[in-house]
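The structure appears right after this line, and notes come after that.
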Amino acid sequence: MGEDYLRRPVLTRTALIVNYVDVVVPGPWWNTLTYTFEGASNLAEGVRVKVPVRTGKRVGFVCGAGEAPPPGHIKLKPLEAVLDDVPVLGDELWNLAGWMGNTFLCGAGEALLLICPAQILRGDSFSYVPSRLEDQDNRAFHEVSFYNPVDGERFAYYRDALSEGGKRTLLLFPEVEMASAFFAGMSEALKSDALLWPSGGGKKLWDAWKRTASGEARVVVGSSGAAFVPLCFDEAIVDDESNPAYILPRAPKISARSIVGRRALTLKAKLILGGRMPSARTYMRSKPEYHAQPQRSNLVFVDARSFKKETPGVEGGLPIAPSLIERTESVLAQGRWAFWIMDRKGQAGEVYCCDCGASLCCLRCKGTTRSESRGDIAGLRCLRCGERTSLPSRCPACRGSLLLGKRPGLEALLPLAAKFMKGRPVILGEPGKPGKNSGEPSLMLGTRGLLSLCDSLDVGLVAWLDPDAEARKADYNARFQAFSMVWESCWRGLQNGERVVLMQVRGSGDSWRNVLRLGWGHFWKGELREREKLGLPPYGLLVQIDLPKNENKRGLIESLERENIMAMDSGEENSPLWVAAKSTERLRVALAPRFEISRSGAGFPVVTVLSE
């Protein structure tokens, strides 16, 4: 992962005889709390302690100590108890928490919440004596790329890597189902000292954590959660490394792929990055090559501007080209599945008032809402925070009574597709649940997640009804998302035979479409030229800052300006601030006062760092 992983961590390990102890209490705040300790024994950084916080007791981690009292503190509370003899996470995971706090602007306390199972955070006993970092001195970090769009060939390469004598290996996939399928296909000899990392928490996670920490499991296979496995690995493999599924879904939206890269660098391990195509940062740094290209005859573009079927109550209509219907019927007649994909759920992507023109916004966060049904009840769902409300009878702004939708979604497409298929079954797919989608090959509708079913179904046609909508999103990464999802649909799960990928497009102008037949190398060359000119990731950082409701946005902007940081503000109420920066150091200084534990009642900003 190169120079990006060489930032100095916040926390380092020491062992001191102490009178005063600084403690990280896991949580969203950034500051530590100081306590007195009257014992004569050593307290090493990373040891868990039980401490008083307000009227309760919490488990924290020692992060510093000294014999002199900290300035400005008059009366300090004593530690309640010391829970460990040695640091419970070991050197490497402990230092990782400090690096995460710096790199992703989340604080070491938030990082510890992500790293540790609930049992460690509540103080359960745990005997983990991992390898010390000094034990890695006889080797050096190195990175290998293996990009091949054919899943079977790529997985065979991984199996060969796992079979190379006695190495401790972490193998990461972006999807739980893919990790499970790969593990099931491993030989019994490999499985004997391997572990499939659980996707949830609770007892299963705790048992897996203990089994790995004890050295019983040499090989760990899993999805994003396995990035924090207590394994001092010799080799890490990250499949489909450009997949956005590696970004953890909740704030601070840390990249599991970046975590594994950082760990490999610290442990001086071998890092294998693989997939159907590389991420922006990987291509910028190492320019990997692979010359696979889809067959030109199987990549079909259809101009859909002249074919729109109107949907009652929704403005805009859906493009359904005659060639799409013909190819769908042909594939179904062959006994194969056909997918129609549109990345818009619900009845309509947006609802607006015909009288005043205002879009209906979420009452909670002012985000855009889409129309969707729950059973027979029409409602709205916020695209930003997920809040669901009933559909009002009148416009909240002007009391107008005529509300219409814009940009029809999957709910509007379903009856339309059933009409064209003339009695053939048409279903809404459920990604991740192949059993529910088995049976007679049919036309299946869904979002991009539908592609995961290519692993278990014989799919002869993947049709993108509106791929240009993905590339038009207000996101610097939009063209990559559009390119990668079409590229994936050309190859995923393809064993024997051919698959047609059809795109209904508007004209022939978009550059990302023009290079699909040439491959991802041509795409990244043009895309990165534009990003470099604008200083966009991976050439710089974009940071999104969402403030708590009714927070003083002007005050934060002034704090940023004092650090010579310019913030971009749309001016809309409760909208986020955006910052473009080369690093997070000065931004961290400006934000730190808003993450004091004393502000818990008012809430903390939500910070998202985008780096590639």
Side-chain angles (χ1 to χ4, degrees), residues 4-5 7-13 21-35 45-49 51 53-54 56 58-65 70 87-89 91-118 120-122 227-228 247-256 258-259 262-263 266 541-548 551 556 559-560 563 565 576-577 579 581 583-611:
D4 299 312
Y5 291 91
R7 298 179 187 175
R8 186 183 64 183
V10 173
L11 309 176
T12 56
R13 186 178 172 190
V21 180
D22 290 331
V23 175
V24 174
V25 177
W29 39 82
W30 292 1
N31 61 300
T32 60
L33 301 178
T34 304
Y35 297 89
E45 291 189 7
V47 165
R48 290 177 300 169
V49 291
V51 295
V53 178
R54 294 185 177 175
R58 296 286 298 269
V59 172
F61 294 74
V62 174
C63 68
V88 69
L89 296 178
D91 293 347
E92 188 255 331
L93 286 178
W94 173 246
N95 288 342
L96 179 69
W99 176 84
M100 288 169 61
N102 261 356
T103 304
F104 297 101
L105 293 175
C106 63
E110 187 75 39
L112 288 166
L113 287 176
L114 291 170
I115 292 172
C116 300
I120 285 183
L121 295 174
R122 72 184 181 213
F228 302 111
I247 306 294
L248 304 186
R250 72 176 184 88
K253 297 186 178 180
I254 288 172
S255 167
S258 296
I259 294 300
R262 170 67 187 190
R263 295 190 65 187
T266 302
L541 302 175
L542 278 180
V543 182
Q544 178 182 340
I545 307 170
D546 289 275
L547 293 172
E551 182 74 13
L556 176 56
S559 299
L560 295 172
E563 294 294 328
I565 299 171
L577 294 175
V579 171
S583 73
T584 59
E585 293 179 9
R586 285 186 293 136
L587 188 54
R588 182 177 179 83
V589 172
L591 289 173
R594 292 175 178 265
F595 284 91
E596 293 284 340
I597 195 170
S598 59
R599 291 176 51 89
S600 297
F604 302 98
V606 176
V607 182
T608 305
V609 178
L610 305 173
S611 60

Once rounded to the nearest 0.5 Å, what's the spacing between atom [atom1] of [X] and atom [atom2] of [Y]?
X	Y	atom1	atom2	answer
Arg586	Leu560	CZ	CG	10.0 Å
Leu114	Arg250	CG	CZ	5.0 Å
Met100	Ile259	CE	CD1	4.0 Å
Leu96	Leu89	CG	CG	9.5 Å

Residue pair [X] / [Y], side-chain heavy-atom distance below 4.5 Å:
X	Y	value
Pro252	Leu105	no
Ile247	Ser255	yes
Leu33	Val51	no
Phe595	Val607	yes
Val543	Leu587	yes
Phe604	Ile597	no
Ser598	Trp29	no
Thr32	Val23	no

Taking every non-hydrogen atom, the tightest pair across [X] and [Y]:
X	Y	result
Phe228	Ile115	CD2-CG1, 3.5 Å
Pro26	Val24	CD-O, 3.5 Å
Ser600	Arg54	CB-NH2, 4.1 Å
Val88	Phe61	CG1-CE2, 3.7 Å
Ala111	Cys106	N-SG, 4.3 Å
Thr103	Thr584	O-CG2, 3.9 Å

Indicate yes or no for a side-chain donor-acceptor contact from Arg48 to the backbone of Ile120 under 3.5 Å, with no hydrogens or angles considered.
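Yes, Arg48 side chain to Ile120 backbone: donor-acceptor pair under 3.5 Å.
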Walk me through whether Leu610 and Lys253 qualify under side-chain contact (heavy atoms from CB on, under 4.5 Å).
CA-CA 9 Å; Leu610 305 173; Lys253 297 186 178 180; over 6 Å; no
With a 6.0 Å cut-off (strictly less than), is the heavy-atom count around CD of Glu563, excluding the residue itself, greater than 12?
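Counting other residues, nucleotides and ligands, CD of Glu563 exceeds 12 neighbours.
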Checking side chain to side chain contact (heavy atoms under 4.5 Å, CB included) against Trp30, which of Arg594, Glu596, Arg588 comes through?
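Among Arg594, Glu596, Arg588, the one meeting side chain to side chain contact (heavy atoms under 4.5 Å, CB included) with Trp30 is Arg588.
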Please assess Leu556 against Leu591 for the test side-chain contact (heavy atoms from CB on, under 4.5 Å), listing each intermediate value before the final yes or no.
CA-CA 8 Å; Leu556 176 56; Leu591 289 173; 3.8 Å; yes
